[in-house]
Amino acid sequence: MNALCRRSWPLATWARNRSQASFAQCRKRPFSASSKTTRASAPGNLQELKDILKVSDEVADALATNKPVVALESTIYTHGALGDDLNLEGIVRRHGGVPAVVGILGGVPTVGITPEEVTRMVEGSPKKASRRDIAYLVGMGMTGRKIHGGTTIAGTMILARLAGIRVFGTGGLGGVHRGGHESFDISADLTELGRTRMAVISSGCKGFLDIPRTLEYLETQGVLVSTFAEGRTGSVDFPAFWARSSGVTSPSVVHDDEQAAAMILAQEKLDIESGLLFANPIPEEFSIPRKEMDAIIEQAVRESTEQGALGNENTPFILKRIRELTNGKSVPANVALVQANVERAAKIAVAVSRLVSGDLVAPNRSVKHQPASTPSQSRGIPLNESPKETEITSQADILVAGSVAVDLSCDYAGETALQDPVPHLHTSNPAHIGQSIGGVGHNVALAAHKVVQDSNVRLCSMIGDDIAGSTVMSSLRSCGMDTSYVRQLSREHHPSSRTAQYVAVNDANKNMVLAMADMGIFTAYSFPAYWSSAVKASQPKWLVIDGNWADRDIRTWVKAGKENNTRVAFEPVSKEKSTLLFCAEKGLGGLGIFPRPSVDLATPNQYELEAMYLAARNNEYLDDGRWWPIIDSFSMRGARDRFVKLTSVDMTDAGIPQQAIQLLPYIPTIVTKVGSQGALLTMILKKDDPRLLDPASEKFIVSRTLNDNPDVGGLYMRLFPAVEEVENVVSVNGVGDTFLGVLVAGLARGGKIENLINIAQKGAILTLRSSQSVSEDLGTLESELIGAATL
């Protein structure tokens, strides 16, 4: 250990001990999704800090619901020379995180500064704010002098830590300056890392610093330093900002984001208060060769000494000369590395969030999860426990991945209901209120279970540890449903989780007036490895996915289905949620196209179909180079007359046949529910499909492939009119779900879809006449369905 580190040790120890003592009294209340895992993640109680620390609503909500959050420093905007179009917040959002720009806005320490507020800071002569400056700027603000402060790495760490943020993405760390063993010119970033637990992702320290002494100083401060290997084996060099290699071996190596996330949570569980530095080398295409940079840095440092640029003037002088000596090459390199670091920080934050939620599978390990079979088994997996392989190994006919909820149906029952059937606003109304268990996924699974008693149907869903969750579990078991994959999130690990609930307010004629849905559990919590293990363990013939999941989880389910050779059906749920299948992909991985589609079947209504089509068009799915050859093979020029003949003028004018056809390359079978007009089946026929030679099918074949496409044989379209007009409707809840449940039950037995649609419509009618979300009488269709499945 060199003289510098020996001399600095007593000061560093004294400062760190003072810091630990001052924070100890604050560890009373966690601010995160997991009280045990994150007990020390937020040293300050935000309620106690609310009068002095401002946390934006978006950031506060993200922290409370275990969404990934990435801290960003404000000095990069207020004192940087990289321009104002870095789009760092956009990078965080594209990779699934919530950005939190940190600074002092008008004397108020703020976490979650908006772009408009950043502009105010930049235009308001901001000060640079490190640890020593925070109390001064905030204290002045309390006395009426509103000063802006752009927080440095050290300042950002402190405020982000108080808010409960774990991960911080930045450019390059400060360090020990050359000659620092004599001048003691050492960045406050290093001592802050020694006393504030924060994962900082940077491209090492700035390349003109004394890197060996910087690493020794960090060792003295007890800071974990690890460099991303990026495919390299063995030991790797600590990066040198503009150069990927410094010639100094990194103290340790990290191979992926999940390993970094595990280190972050291990530091929390062990209650170690020092920070972690993850060095992310600059992208290779933007790096400047080390030998070239060494010569430039030597000249810049020599000139700074000769011209007396010391203290606060030293770093700006050197950076300016490096920019000049590289003919500006250092600037795009600097931009590229900070953007790459923020992207890496977002991915690590996502991995941390998933680990806290109980998804502990890292990509470089083969670990199988055990889906929860009872509430006591599904309390979230502590970090020191490895998930076990699922005990359920028998193949399922159908696995439904979707929502389960407590449904309340409120039917207006006022004294004047016959004359005025609509409930009155802004007051209480008399009503008949019924409770049932619903949710799209639940209804589909229950319908498939009831219509064929010996079918093996499983529901994979989530509930909270609350009264509604207990009600759901009791109901599922009383129906004989398999609850092995219904995961109950514990209050200990997921305190904000609530069982989904749906409230429908109907008029006296049972027509919906208003509905309210709380389905946040399905978007706030994500367990991708768990979902994948459920599909792998069940090996279902059909996987049904409803649209209540977040887009990332819909893609996880779809991918898991295809990896296990499972047919996949998508139930859109609503206009808004139907678009999630065709979301802006944001690194989620593309959808497969016929003849290897990711999704085999979708059952939208006409409004959901239109929303899906618009999402696919707006998000450029219809610009995919694989899409046009399939469309071109349909030979659809001048097809309006055929559409009118097969459907109706109104349906054709509404664009229903056209929209379905545009989506067929991604979903080769689409059944569009068109209300009282029935259901429209549109599908691609393969080259060898027997329907192409069947005289009975001829009138439904819109076109035959005339070009040399090796996979497409033709296009099939058939309108199935409603099997019955229902006058006495009891409830519309669950009608579409019942339709899909019956349909997929027949498909799982090998039936052809055109032989099953009318039976599915009959099942939907039974539910229309039932007060339940799925009719108790579906079993009356069993023999008819089994017979149709054998045709």
Side-chain angles (χ1 to χ4, degrees), residues 68-73 76 80 82 86-92 94-97 99 153 156-157 160 165-175 187 189-190 193 198-207 209 211 214-215 218 223-264 267 275-288 290 293 330 332-352 362-364 587:
V69 181
V70 176
L72 301 171
E73 63 181 295
I76 203 165
L82 302 181
L86 296 174
N87 192 32
L88 302 183
E89 294 99 315
I91 290 170
V92 174
R94 281 201 303 276
H95 290 86
I153 288 177
T156 300
M157 288 175 65
I165 297 172
R166 299 180 173 96
V167 181
F168 169 21
T170 186
L173 195 71
S187 171
D189 297 347
L190 304 189
L193 274 165
M198 178 66 58
V200 178
I201 291 81
S202 75
S203 293
C205 60
K206 293 181 176 65
L209 299 171
I211 293 176
T214 295
L215 289 176
L218 288 170
V223 178
L224 183 156
V225 177
S226 200
T227 299
F228 278 96
E230 296 193 333
R232 295 170 290 182
T233 58
S235 61
V236 301
D237 275 6
F238 188 74
F241 201 61
W242 298 284
R244 288 175 62 81
S245 172
S246 65
V248 181
T249 302
S250 175
S252 67
V253 179
V254 59
H255 292 278
D256 53 50
D257 306 320
E258 286 74 17
Q259 286 184 353
M263 294 175 201
I264 292 167
Q267 191 96 328
L276 308 92
L277 175 62
F278 293 107
N280 188 43
I282 182 174
E284 196 151 8
E285 62 270 28
F286 292 98
S287 65
I288 301 175
R290 180 176 143 205
M293 279 308 303
S330 65
N334 205 339
V335 170
L337 68 85
V338 72
Q339 290 176 334
N341 295 341
V342 169
E343 177 179 333
R344 174 74 76 177
K347 292 177 179 178
I348 292 172
V350 168
V352 170
N364 61 337

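Predicted, not measured: the structure shown is a model, and the values here were computed from it. The chain is numbered in sequence order, starting from 1.
Residues Arg232 and Pro281 form a side-chain contact, since some pair of their non-hydrogen atoms from C-beta on lies under 4.5 Å apart. No side-chain heavy atom of Val350 sits under 4.5 Å from any side-chain heavy atom of His95. Between Ile76 and Leu88 the shortest side-chain heavy-atom distance falls below 4.5 Å.
Closest non-hydrogen pair, Ala160 versus Ala71, comes out as CB-CB, 3.8 Å. Between Pro283 and Ala340, the closest heavy-atom pair is CG-CB, 3.7 Å. In this structure, Gly275 and Val223 approach most closely via the heavy-atom pair O-CG1, 3.5 Å. Considering all non-hydrogen atoms of both residues, Gly169 and Leu72 come closest at O-CD2, 3.8 Å.
Ser226 places a side-chain N or O within 3.5 Å of a backbone atom of Val254 that can act as its donor or acceptor partner. Using a distance-only test at 3.5 Å, with no hydrogens or angles considered, no donor-acceptor pair links the side chain of Glu258 to the main chain of Ala351. In this structure, Asn341 contributes its side chain and Gly171 its backbone to a donor-acceptor pair below 3.5 Å.
Screening Ile201, Val69, Thr156 for a side chain to side chain contact (heavy atoms under 4.5 Å, CB included) with Phe168, the sole residue that qualifies is Thr156. Partner of Asp237 under the side-chain hydrogen bond (donor to acceptor under 3.5 Å, both in side chains) criterion, out of Ser245, Ser246, Ser250: Ser245 alone.
We find the CE-CD distance between Met263 and Gln259 to be 5.5 Å, quoted to the nearest 0.5 Å. Here Phe278 contributes atom CZ and Thr227 contributes atom OG1; the two are 10.5 Å apart, rounded to the nearest 0.5 Å. The structure places CZ of Phe238 at 6.5 Å from CD1 of Ile211, a figure rounded to the nearest 0.5 Å. Summarising the geometry, atom CG belonging to Leu173 is positioned 5.5 Å from atom CG belonging to Leu190; distances are rounded to the nearest 0.5 Å. Distance check: Leu224 CG to Leu277 CG gives 8.5 Å after rounding to the nearest 0.5 Å. Within the model, atoms CG of Asn280 and CD1 of Ile348 stand 7.5 Å from one another, a figure rounded to the nearest 0.5 Å.
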For Leu276 and Met198: C-alpha separation, side-chain torsions, deciding distance, then whether side chain to side chain contact (heavy atoms under 4.5 Å, CB included) applies. CA-CA 6 Å; Leu276 308 92; Met198 178 66 58; over 6 Å; no
Applying side chain to side chain contact (heavy atoms under 4.5 Å, CB included), run through Phe286 and Asn334 and close with a yes or a no. CA-CA 9 Å; Phe286 292 98; Asn334 205 339; over 6 Å; no
Derivation and outcome, side chain to side chain contact (heavy atoms under 4.5 Å, CB included), residues Asp189 and Met157: CA-CA 9 Å; Asp189 297 347; Met157 288 175 65; over 6 Å; no
Please assess Val338 against Thr170 for the test side chain to side chain contact (heavy atoms under 4.5 Å, CB included), listing each intermediate value before the final yes or no. CA-CA 6 Å; Val338 72; Thr170 186; 5.5 Å; no
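Within a 6.0 Å radius of CD in Glu284, no more than 12 heavy atoms belonging to other residues, nucleotides or ligands are found.
A cation-pi arrangement is present between Arg344 and Phe228 under the rule of less than 6.0 angstrom and at most 45 degrees off the ring axis.
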